[in-house]
Amino acid sequence: MRRDLFERRAFLRGGAALTGALGLQACTGTTGPVASASKLYRPPIVPLRLTPDQLIDVKTCIRPFRAAGPNLSTEQIGDTLVVHNYGHGGSGWSLSWGSGEVAVGKAMSVLPKEIAVIGCGIVGLTAAVMAQRAGLKVTIYAREMLQRTRSFRASGSFTPDSRVALTEPAGAAFPALWEQMARFSWKAFRTYLGVTGDPVAFHDSYGLSDTPIVRREHPADPSITDSWATKGLPQQNSEFLHLSDRIKDIVPQMQPLSAEENPFGVAHAVRGSEMYFNFASYGHTLLGEFFENGGTFVNRDFHDPSEVTTLKEKVVIHSTGFAARDLWHDKTVMPVRGQTGWLVPQREANYSIRYKSGLALSKSDGVCIMHFDNELGEMQGVGNSLELPDRDDVLAAMADMAPIFEKKGA
Amino acid sequence: MANLAVPAALLVATVALVPIAALSAPSVKSLYSEAQATEGATLYAQRCAMCHGKTLEGTWEIPTLKGRFLNNWNHAPVARLFDYVSKAMPQMAPGSLTPDQNAKIVAYILKENGAPAGATALPTDTAAMGNATIEVK
């Protein structure tokens, strides 16, 4: 009922084009078991325990989605220069470094010695650390530190074009800016590989299906005549901007697996390598760097843009994510609800699978479970700002995936 | 020993002054009525408690409306709090409550944070609230 109310299923009639697709953005079309280009042996797979008793947390968040993409503009409020850095949709983690580079660059254009950052989600904290690396004294003003922000309720894999913008409102210049930010972030994350605690890591990522796996397409449904332009919310998948092909030279792409290479008892499989973030370790590492560099954290809530002029710093990077909608009265920030379930960590099973409606992503801070409505696709959660967890929804995804491992053990 | 005597004397003087200063300070202006807060408690239980908790305690993820809340809102214009609640809450359906309901809920939150009730109810529009600020301590 709630999903019908909030996720606007009614707008998605005719979405059958997505049936059977796994949302794998870069696998080439196949029509059956295919011979892999590689001759790799079948890797041993430690089965994931996808049982309800392992579920220890359910986290709900809201992606701060803007049709035109993140707001990276500047604004003068009294004597204070405000550099905006918010509204990254489902790409905040992945674009945090590249976006921070843009924001800090704009902040430094007036040659400040000290700056303020408002907001301590992943985008704000990363920008703060980058400003320090540029030699500035930085104070973060925020209601919460990273671990209690919405950023910490993400899934934690490198998804730089996940609900980042709509094609039309983003305009012709955005893709190049996005590519610059995504490439910059990719290199920044690589500097954390192998660091104690593995804040950033890679593992194998499998797409599994009982039917042939095809590349996800986003054809426009001509029967849907409304759009973001007329309704203020996107109305179908085809409105969303997809940019991942621009960086496929550096980001490993999904490859089809032959039956000999497929380690699961499922007819069709693709495999890629996936970069992901271990939140606990990453949070401690980044906050540690911030404080080590002399950063100051002030617990403060802002209620109106005019309050920035009360700060002693006259250059402010504004990174409040979804909260910008109310703080900055930016009604172009729209909610896109997301939810993750978390199982007890299973570090011996270090991979991810996507099968039917479920995703299981094994990390050091737990096995992240997500439940997808393949019919809704990118529209899942759009316009929904309910931030209460729905445990049954997580269990449904687990139930969908569990037979994979039951078959294997049979 | 002689050195210690001086601060001790100052301490006594300071302690003695506190009640006098408190007595001479103007009383904190009340922003809402008791009846309004009582009705606000019912509305809070129906519309807010599902996220913020029965006793306004919040969670790891959802802000508490007591304690740290006061740190964020004390000395702020009550009109700003009313405006925020009116536009941003309830988060799953922002703007869905009437001005009257929002005023009652704000009154209840103020009461729970120790703001004194008075004879006059909190108005239902920000203009009528003027520049009155939340003053609890």
Side-chain angles (χ1 to χ4, degrees), chain A residues 1-3 5-7 56-62 64 118 121 141-154 279 298-307 310 320 322-331 333-335 337-340 342 381 383-390, chain B residues 31 44-54 56-97 102 105-106 109-110 113 126-127 129-136:
Chain A
M1 182 62 186
R2 197 158 60 212
R3 179 171 295 162
L5 270 177
F6 288 110
E7 298 189 341
I56 55 171
D57 197 6
V58 180
K59 303 196 284 191
T60 310
C61 71
I62 298 174
I118 300 178
Y141 298 88
R143 191 160 57 191
E144 303 289 357
M145 268 192 206
L146 178 68
Q147 287 88 346
R148 291 181 70 175
T149 67
R150 291 191 172 99
S151 295
F152 231 63
R153 296 174 234 157
F279 291 143
V298 176
N299 181 204
R300 179 163 172 181
D301 200 5
F302 293 81
H303 313 125
D304 189 80
S306 63
E307 291 176 19
T310 64
T320 59
F322 185 68
R325 190 175 73 150
D326 298 307
L327 169 59
W328 222 266
H329 314 301
D330 181 353
K331 297 306 175 199
V333 179
M334 62 186 103
R337 183 182 188 272
Q339 175 171 282
T340 52
W342 293 84
N384 185 351
S385 52
L386 181 70
E387 218 163 5
L388 288 176
D390 179 355
Chain B
L31 297 169
Y44 175 87
Q46 293 166 347
R47 305 300 185 106
C48 317
M50 63 192 292
C51 295
H52 290 285
K54 286 179 184 171
L56 298 82
E57 72 274 19
T59 65
W60 175 262
E61 285 121 358
I62 295 169
T64 173
L65 301 179
K66 286 195 298 196
R68 292 179 67 193
F69 174 85
L70 203 56
N71 181 55
N72 290 332
W73 285 97
N74 203 23
H75 310 310
V78 70
R80 204 161 273 174
L81 176 58
F82 176 82
D83 188 53
Y84 177 78
V85 171
S86 302
K87 289 177 177 164
M89 296 291 135
Q91 190 177 274
M92 78 291 284
S96 62
L97 299 181
N102 285 318
I105 289 168
V106 168
I109 294 170
L110 292 174
N113 280 279
T126 54
M129 293 174 199
N131 295 321
T133 54
I134 300 167
E135 301 295 340
V136 173

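Just so it is clear: chains get the letters A, B, ... in the order the sequence lines come, proteins before strands, and each one is counted from 1.
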At a 4.5 Å cut-off on heavy atoms, which part of Gln147(A) comes close to chain B: side chain, backbone, both, or neither? both
Nearest-0.5 Å distance, CD of residue Glu387(A) to CD of residue Gln91(B): 4.5 Å
Taking Arg143(A)'s backbone N and O only, do any of them form a donor-acceptor pair with Arg68(B)'s side chain (distance below 3.5 Å, no angle check)? yes
So which residue, Leu81(B), Asn72(B), Asn71(B), ends up with the most heavy-atom pairs under 4.5 Å with chain A? Asn72(B)
What part of Leu327(A) lies closer than 4.5 angstrom to a heavy atom of chain B: side chain, backbone, both or neither? neither
Toward chain A, the part of Ala76(B) with a non-hydrogen atom under 4.5 Å: side chain
In terms of heavy-atom proximity below 4.5 Å to chain B, should Arg325(A) be classed as side chain, backbone, both, or neither? side chain
Looking at Trp73(B) and Asp301(A), would you say the former's side chain and the latter's main chain have a donor-acceptor pair under 3.5 Å? no
Name the region of Pro77(B), side chain, backbone, both or neither, that has any atom closer than 4.5 Å to a heavy atom of chain A. neither
Who are the side-chain contact (heavy atoms from CB on, under 4.5 Å) partners of Glu61(B), not counting sequence neighbours? Lys59(A), Arg153(A), Thr59(B)
State the CG-CE distance between Leu386(A) and Met50(B), to the nearest 0.5 angstrom. 6.0 Å
Are more than 12 heavy atoms, taken from residues, nucleotides or ligands other than Lys54(B), located less than 6.0 Å from that residue's NZ atom? no
Contacting region of Arg300(A) [heavy-atom separation from chain B under 4.5 Å]: backbone
